[in-house]
S.K.: 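Below you'll find the structure I mean.
Values below: all heavy atoms of this structure, side chains included; hydrogens, waters and symmetry mates excluded. Lettering follows sequence order; numbering is per chain, from 1. This is a predicted model, so every value here is computed, not measured.
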Number of protein chains: 2
Amino acid sequence: MGLTKSEMFTEEQNRMALIAKAFGHPARVAILQHLFKLNSCVCGDLVNEIGLAQPTISQHLKELKTLGIIKGNIEGTSVCYCINQDEWQSIKQLFIQFFEQETIEKGNCC
Amino acid sequence: MGLTKSEMFTEEQNRMALIAKAFGHPARVAILQHLFKLNSCVCGDLVNEIGLAQPTISQHLKELKTLGIIKGNIEGTSVCYCINQDEWQSIKQLFIQFFEQETIEKGNCC
DNA sequence: TTTATTTATTGCAATATTACGATTAAGTAT
DNA sequence: ATACTTAATCGTAATATTGCAATAAATAAA
């Protein structure tokens, strides 16, 4: 039905999925990479850098901002977006923990 | 339009997004965690463990298998699913690289 | 062969996501 | 005030995802 049944999962699982979903679009990956490269950025730059229309980029930025992954400061007519470093570290830890799960028993059937 | 314009992004960005999307649903996160915990598993276990219907779980498993994240071995009537360790290491590296991007200049405007 | 058992597939309904044109909002400059 | 610039919002169309009932397929057990 297109409706994720969040209530049957742990908070960690839901958080993991929510953040992963934010990384689940190449435009948002590109935006984050660009923000890292420039360390500060306005939306217009991104529209030029990435090939999508301005409302589309704005929408992706909003999504990242809602999740707290990026921050936005109004600077005159333009907006300065950048990575939320604190949140980034927190997310990094979440993912590293997830990836560091190791199988105890190596005698796998596959 | 619901259609991601993959052609305007790098291969790395697309791969990153594709894998992240697989992690972008709590059921799939839960499946992976369960596979790590048990190191081998049949689909039925997952149906009991997670609260979703059998076809739904089967669909999520297929998605993970198509991406190469998990492997499945037929064992009689049941199927033994497990993590594809090689692929897991590769994905782990991809994400670690992504998370290790650091801002050069700390004098941020935000 | 018939009957369970277990997983995959099909078909479909409901919801979510992606993209963008048109417009609005808010600040700058003239 | 008027014109310009930049980003957000609205509305909408197209596509994707999620979930499950029903069914099929495949093996095992009787």
S.K.: Whole angstroms only, please: what is the CG-P distance between A:Leu46 and D:dA7?
M.R.: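 It works out to 9 Å between those atoms.
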S.K.: Nearest whole angstrom, please: distance from the C1' of C:dA8 to the NZ of B:Lys65.
M.R.: 10 Å
S.K.: Closer than 4.0 Å, any side-chain N/O of A:His60 to the OP1 or OP2 of C:dT17?
M.R.: no
S.K.: C:dT17 P sits how many Å from A:Phe23 CZ, rounded?
M.R.: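 In whole Å, C:dT17 P lies 16 Å from A:Phe23 CZ.
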S.K.: Which sits closer to the 5' end of DNA chain C, B:Ser78 or A:Gly51, going by the nucleotide each is nearest to?
M.R.: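 Result: B:Ser78.
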S.K.: Nearest to the side chain of A:Leu52, which nucleotide is it out of D:dA8, C:dT7, C:dA19?
M.R.: C:dA19
S.K.: Less than 6.0 angstrom separating the ring centers of B:Phe23 and A:Phe99, yes or no?
M.R.: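 Ring centroids of B:Phe23 and A:Phe99 are less than 6.0 Å from each other.
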S.K.: Can you give one letter per nucleotide of nucleotides 22-30 of chain C, 5' to 3': B if a protein heavy atom sits under 4.0 Å from the base, S if only from the sugar-phosphate, - if neither?
M.R.: B----BS--
S.K.: To the nearest Å, give me how far apart CD1 (A:Ile57) and P (C:dG21) are.
M.R.: 13 Å
S.K.: On the nucleotide C:dA16, are OP1 or OP2 found under 4.0 Å from the side-chain N or O atoms that A:Lys21 carries?
M.R.: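 Answer no for this pair, as no side-chain N or O of A:Lys21 is under 4.0 Å from OP1 or OP2.
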S.K.: Okay, side chain of B:Asn14, backbone of B:Ser6: is any donor-acceptor separation there less than 3.5 Å?
M.R.: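 Indeed, once roles are kept as given, a pair shorter than 3.5 Å links the two residues.
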S.K.: As a test of reading the structure: which of C:dT9, C:dA8, C:dA19 is closest to the side chain of B:Val79, going by heavy atoms?
M.R.: C:dA8
S.K.: OP1 or OP2 of D:dA7 sitting under 4.0 Å from any side-chain N/O of A:Ser58?
M.R.: no
S.K.: When you compare the side chain of A:Phe98 with that of B:Leu32, does any pair of heavy atoms fall below 4.5 Å?
M.R.: yes
S.K.: Within the structure, does a side-chain N or O atom of A:Tyr81 lie under 4.0 Å from either OP1 or OP2 of D:dT6?
M.R.: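 False: A:Tyr81 side-chain N/O out of range (4.0 Å or more) of D:dT6 OP1/OP2.
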S.K.: Once rounded to the nearest 0.5 Å, what's the spacing between atom CD1 of B:Ile50 and atom CZ of B:Arg28?
M.R.: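 Rounded to the nearest 0.5 Å, the CD1-CZ separation comes out at 11.0 Å.
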S.K.: How many Å lie between CG on B:Leu67 and C1' on D:dT17, as a whole number?
M.R.: 14 Å
S.K.: Could you state the NE2-P distance from B:His25 to C:dT15, rounded to the nearest angstrom?
M.R.: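 Nearest whole value for this atom pair: 15 Å.
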S.K.: Between C:dT6 atom P and B:Asn73 atom CG, what is the distance in whole Å?
M.R.: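 Checked: the CG to P distance equals 18 Å.
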S.K.: Working to the nearest 0.5 angstrom, can you tell me the gap between B:Met8 CE and A:Glu49 CD?
M.R.: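 It is 12.5 Å, given to the nearest 0.5 Å.
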S.K.: Determine the sole option in A:Lys65, A:Arg15, A:Lys92, A:Lys71 for which the salt bridge (Lys or Arg N to Asp or Glu O under 4.0 Å) test with A:Glu87 is passed.
M.R.: A:Arg15
S.K.: In terms of the nearest nucleotide of DNA chain D, which residue is placed more toward the 5' end: A:Gly44 or B:Gln59?
M.R.: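 Of the two residues, A:Gly44 wins.
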S.K.: Over how many whole Å does the gap from B:Ile70 atom CD1 to C:dT7 atom P extend?
M.R.: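 The distance from CD1 of B:Ile70 to P of C:dT7 comes to 13 Å, rounded to the nearest Å.
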S.K.: Mind checking whether A:Gln33 and B:Glu12 have side chains closer than 4.5 Å, heavy atoms only?
M.R.: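 Touching, per the 4.5 Å side-chain cut-off.
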S.K.: Of the nucleotides C:dA19, C:dG11, C:dT15, which has the atom closest to the A:Leu3 side chain?
M.R.: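 Of all the options, the side chain of A:Leu3 is nearest to C:dT15.
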